[in-house]
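Can you keep this structure in mind? I'll have questions shortly.
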Amino acid sequence: MIGRHAPRAARLFSAAVWLIFAIVGWAPPAAYADGVAHAAAHKAAIASAYPLASQAGQEVLAAGGNAFDAAVAVSAALAVVEPSSSGLGGGGFYLLQRQSDGYETMLDAREKAPGAASRDMYLDKAGKPVEDASISGSLASAIPGEPAAFEYLARKFGKLSLKRNLEPAIRLAREGFPLYARLQTAIRYKRGILLRWPDTAKIFLTADGGVPDLGTVIKQPDLANTLEIIADQGAKGFYEGRVASDLVAGVRAGGGIWTLRDLAAYRVIERKPLIGRYHGARIVSASPPSSGGVALLDALNILSGFDLHRFDSATRKHLVIEAMRRAYRDRAIYLGDPDFVKMPLAQLMSPDYAAGQRSSIRTDKAMPSDLLPGIESAPAGMHTTHFSILDAAGNRVAATISVNLFFGTGYMPPKTGVLLNNTMDDFSTKPGVPNEFGLVGAAANSIEPNKRSLSSMTPSFVETPKGLMIIGTPGGSYITSMVLLGTLDYLDGMSADQIVRSPRYHHQYLPDVVDYESDALTDGEIAELKAMGHRLRVSGRKWGNMQVITWDFATGKVDSASDPRGDGEGLVY
Ligand code: DON
């Protein structure tokens, strides 16, 4: 953008361009932090995991809101209609870019450990992990971050009031929505846990504890009340006062350790996103306490030294797998909450470091993970949720939010309507002991009071001189490798629809095995990868629920696609 100090002729030219754009209804070019300039979108798009949530965002955009208002509306609606994946009792990461000045930031709304948490809280006297202690019951819940993000997004970045942004979600909670197949499957899968908690069972199960029929209207009056209190009072309505007292009383009655102080002290933190380059593309991604951006950029740095198109498809996949192996290893060893641990981020993301990692990769042979010095590790399900938003002005949001496993702990403290997360399981409960996603960690991700657990969530923007992609997905430890594959697909010219459909493969250092969707590798590739020494494990199911928006700067075309593995909706307005 031409600023105040530009010569007069340039300013006049700029003013004329603005005028022309205003007349033809096309917004003016914006200059970004790194000098890349391009036109603003002429269409808005939302891709989320369920149509009612995308529509909530659309409603707020139509009411004059921007992408950030829509992010509040979509998150809150997802808390109601996809309660198995995210909600007020969870947290996540919101990657934002504001069009007017190119300001980029990551809202860290990650849950944090209660003040009374301690390193060995999930170990017995003999130092052995107590089974399920970090995933079930009130002790497994960290202090939620999502409600704080709602207020922060609306107040600092939005155009509408928090109250207006929460209206669609409050309506959905109060009036209900028809049960759909994927949520019914999640309820069936977790019925045992939901049955344990009367307030949860009342909402999601029939009176005799059965799984409700498709189309049954699910109403959540307590959740509607809690959302209304937040709409009226802001984050305080959740973190202080009646709701906070009910949350703490409920958690403590269940053996948990939350205090009113823990809730009152919760703050969203703005962190600088991680920025890297790959063959001319600018990648913006989540910074710690997510490991996503570090691992994504590290893997891309490793791959940037190869001309992947020169290789046959099996070798190309082999190289991507070897890059994943190395990036996930570093995750396990070095990463944690930046407010608690010093991390060698500059080193991990430097091209020189990647060159060192690359030099240990042979193009014809797998390297066993054991040969990479490190630590000790089972795979992921489809909980958590991601949405991508681009508004007509060019503001963008990539948000991945979660309660960790399906329905979190399943526990809903009475009168709150809030399902509590089990994100404490994302800590390393003991060095080398794998968590629910088979991820191992070290001291950097050990439990400490008020610390945020390390995440794999990887909301990202990928920008080239030609266009932009907004991407993310759920999938536990598979998230980062899915975003890596999506990035490579986008840079290979695939459309949003092709990217979300694309079959996936994954390596996370430990266990030392390549997991793959049944259609991700051909018989020939399987034979070649085995011959190189890879252990392969076909997955019986599909992974991820990727939500992608693409924007072609030259034509202004905006596309939005939701993963066919889920039943979300990508809308372009
Ligand atoms: O933050 C994380 O990495 C996990 N809590 C995400 C969990 C997830 O994606 C579950 N979905 N399969």
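Only heavy atoms go into these numbers, but all of them, side chains included; no hydrogens, no water, no symmetry mates. Read the numbers this way: they start at 1 and go in the same order the structure lists the ligands and their atoms.
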Modelled atom types, side-chain donor and acceptor of S54 and E569, under 3.5 Å:
no
For D330 and Q357, which I'm curious about, is there any donor-acceptor pair between the side chains at under 3.5 Å?
yes
Classify the angle between the aromatic ring planes of W197 and Y411 as parallel (below 30°), tilted (30 to 60°) or perpendicular (above 60°).
tilted
Nearest non-hydrogen atom to atom 4 (C) of ligand 1 belongs to which of L454, D426, V403?
D426
Counting heavy atoms only, which part of Y478 comes closer than 4.0 Å to ligand 1: side chain, backbone, both or neither?
neither
Which residue from S291, S85, S455 reaches closest to atom 1 (O) of ligand 1 through any of its heavy atoms?
S455
Classify the ring geometry of W543 against Y478: parallel below 30°, tilted from 30° to 60°, perpendicular beyond 60°.
perpendicular
S456 heavy atoms, cut-off 4.0 Å: which ligand 1 atoms fall inside?
1 (O), 2 (C), 3 (O)
Counting from 1 in the order shown, the ligand 1 atoms closer than 4.0 Å to a non-hydrogen atom of I479 are 9 (O)
Taking the side chain from T480 and the backbone from S456, do they hold a donor-acceptor pair closer than 3.5 Å?
yes
Could you check whether any heavy atom of W543 sits closer than 4.0 Å to an atom of ligand 1, since that is the contact criterion I want to use?
no
Heavy-atom distances under 4.0 Å are what count here, so tell me which part of R110 touches ligand 1: side chain, backbone, both or neither.
side chain
Kindly assign one of parallel, tilted or perpendicular to the pair Y94 and F387, based on the angle between their ring planes and the thresholds 30° and 60°.
perpendicular
Is any N or O atom of F437, backbone or side chain, closer than 3.5 Å to an N or O atom of ligand 1?
no
